[in-house]
Amino acid sequence: MPITRKALSSLKQLKVQLEDLRSSFDDISGFIQKFSDATTATQVDVRLERIDDLWERFSENLVELRSHEEFEDEENQLGKLRKQMSDRYYEAKTFLLDKSKALHAPPAVDQSLLEQPAANVVDHVRLPQIHLQTFSGDIDEWLSFRDLFTSLIHWRTDLPEVEKLHYLKGCLQGEPKSLIDPLKITKVNYQIAWETLMKRYNNNKLLKKKQVQSFFMLPTLGRESVVDLRSLVEGFERIVQTPDQVEELVDNKDLLLVNFLTMQLDPSTSRA
């Protein structure tokens with residue numbers, strides 16, 4: 001039976017697609033062979049997403065080739081190729097999944113660093129373990145995260161910068177995590193990562209505004225209750241004390257007046 005130009009073109013296209021898919025698998029295999037401590041979780045994750053699509057397209061390509069009326073495979077080369085690529089696919093995906101899990105796992109703080117006794121102090125009491133706080137971008141949690149992290153990690157002179165960046169990445173989630181994820185874990189990148197977070201979240205104006213808004217969010221007592229009254233007073237005292245943590249305080253009276261006025265505005269004017 002003569003081979004038409006259209007059929008030949010279609011068969012050729014399938015073979016070209018097959019070689020392209022094999023080359024893409026080779027790229028992932030090359031990435032795995034060159035895997036190092038500098039490899040990021042993002043680099044692993046994008047290849048995890050890619051490899052499933054490649055395998056699905058590869059399987060579809062083999063079915064189309066087998067079904068093509070002009071294709072002959074007397075030695076079952078496609079069957080052998082499928083077995084070979086199947087092994088490569090599962091080995092590569094297992095490797096990438098393991099590495100992704102390890103890179104996304106929060107780092108464990110070296111307890112030997114936290115338990116070193118201060119100078120001239122007798123180490124006769126073992127203090128409880130201190131866990132690093134996570135931060136997901138909530139401005140209300142920034143001050144406590146900043147102060148705890150700087151105390152345990154940032155200001156330590158005996159901790160290498162590369163390890164500080166490892167701890168910092170393990171504490172972040174959501175938006176702050178995406179801000180520094182592109183930075184590789186190297187000595188020079190720690191200061192860049194920390195300054196990036198400080199610039200984004202150590203916003204005194206926004207912090208002071210949130211603190212003032214907290215006054216207007218205190219509950220109104222609807223009945224006589226010692227428990228509710230105590231809770232109200234404790235909440236009020238906590239808000240009053242919180243502004244002391246923010247540097248360069250301005251006149252809080254002005255902030256209260258501005259916040260009260262903006263609460264009375266319509267949404268469009270308030271946004272403006």
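Count residues from 1 along the sequence.
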Participant: Salt-bridged, Glu91 to Arg88, with N to O below 4.0 Å?
Facilitator: no
Participant: Yes or no on salt bridge (charged side-chain N to carboxylate O under 4.0 Å, His left out) for Asp26 and Arg22, after CA distance, side-chain angles and deciding distance?
Facilitator: CA-CA 6 Å; Asp26 290 341; Arg22 294 180 65 178; over 6 Å; no
Participant: For Asp53, look at atom CG and say whether over 12 heavy atoms of other residues, nucleotides or ligands are found less than 6.0 Å away.
Facilitator: yes
Participant: For the pair Thr39 (side chain) and Ser36 (backbone), establish whether a donor and an acceptor sit closer than 3.5 Å, ignoring hydrogens and angles.
Facilitator: yes
Participant: Which heavy atom of Gly137 sits nearest to which heavy atom of Pro176, and what is that distance?
Facilitator: N-CG, 3.6 Å
Participant: Does the side chain of Leu97 come within less than 4.5 Å of Lys93's, by heavy atoms?
Facilitator: yes
Participant: For salt bridge (charged side-chain N to carboxylate O under 4.0 Å, His left out), just list the numbers for Glu60 and Arg57, CA-CA rounded to whole Å, side-chain angles, deciding distance to a tenth of an Å, and then say yes or no.
Facilitator: CA-CA 5 Å; Glu60 292 175 353; Arg57 290 171 55 198; over 6 Å; no
Participant: Give me the atom names and distance for the closest heavy-atom approach of Leu172 to Ile180.
Facilitator: CD1-CD1, 3.2 Å
Participant: Is the shortest heavy-atom distance from the side chain of Phe135 to the side chain of Phe149 under 4.5 Å?
Facilitator: no
Participant: Run the salt-bridge test on Arg47 and Asp27 with the 4.0 Å N-O cut-off and return the result as yes or no.
Facilitator: no
Participant: Could you check whether any side-chain heavy atom of Thr150 comes within less than 4.5 Å of a side-chain heavy atom of Trp194, counting everything from C-beta outward?
Facilitator: yes
Participant: Scan Met198, Glu141, Gln133 and name whichever one has a side chain to side chain contact (heavy atoms under 4.5 Å, CB included) with Arg146.
Facilitator: Met198
Participant: For Lys169 and Asp181, indicate whether the former's side chain and the latter's backbone hold a donor-acceptor pair under 3.5 Å.
Facilitator: yes
Participant: Using a 3.5 Å distance criterion without hydrogens, assess whether the side chain of Gln43 forms a donor-acceptor pair with backbone atoms of Thr40.
Facilitator: yes
Participant: Please answer whether the main-chain N or O of Tyr90 pairs with a side-chain N or O of Thr94 as donor and acceptor at a distance below 3.5 Å.
Facilitator: yes
Participant: Could you tell me if Tyr167 and His154 have a donor-acceptor pair between their side chains, going purely by distance under 3.5 Å?
Facilitator: no
Participant: Using a 3.5 Å distance criterion without hydrogens, assess whether the side chain of Ser100 forms a donor-acceptor pair with backbone atoms of Leu96.
Facilitator: no
Participant: Quick check: does any side chain N or O of Lys99 sit under 3.5 Å from a backbone N or O of Ile32, one acting as donor and the other as acceptor?
Facilitator: no
Participant: Counting the benzene-type ring for Trp, do Phe145 and Tyr201 have ring centres under 6.0 Å apart?
Facilitator: no
Participant: Which heavy atom in Ile185 sits nearest to a heavy atom in Leu165, and how many Å separate them?
Facilitator: CA-CD2, 3.6 Å
Participant: Out of curiosity, Ile51 CD1 to Ser29 OG, how far, rounded to the nearest 0.5 Å?
Facilitator: 7.5 Å
Participant: Are Phe35 and Phe95 near enough that their ring centres are under 6.0 Å apart?
Facilitator: yes
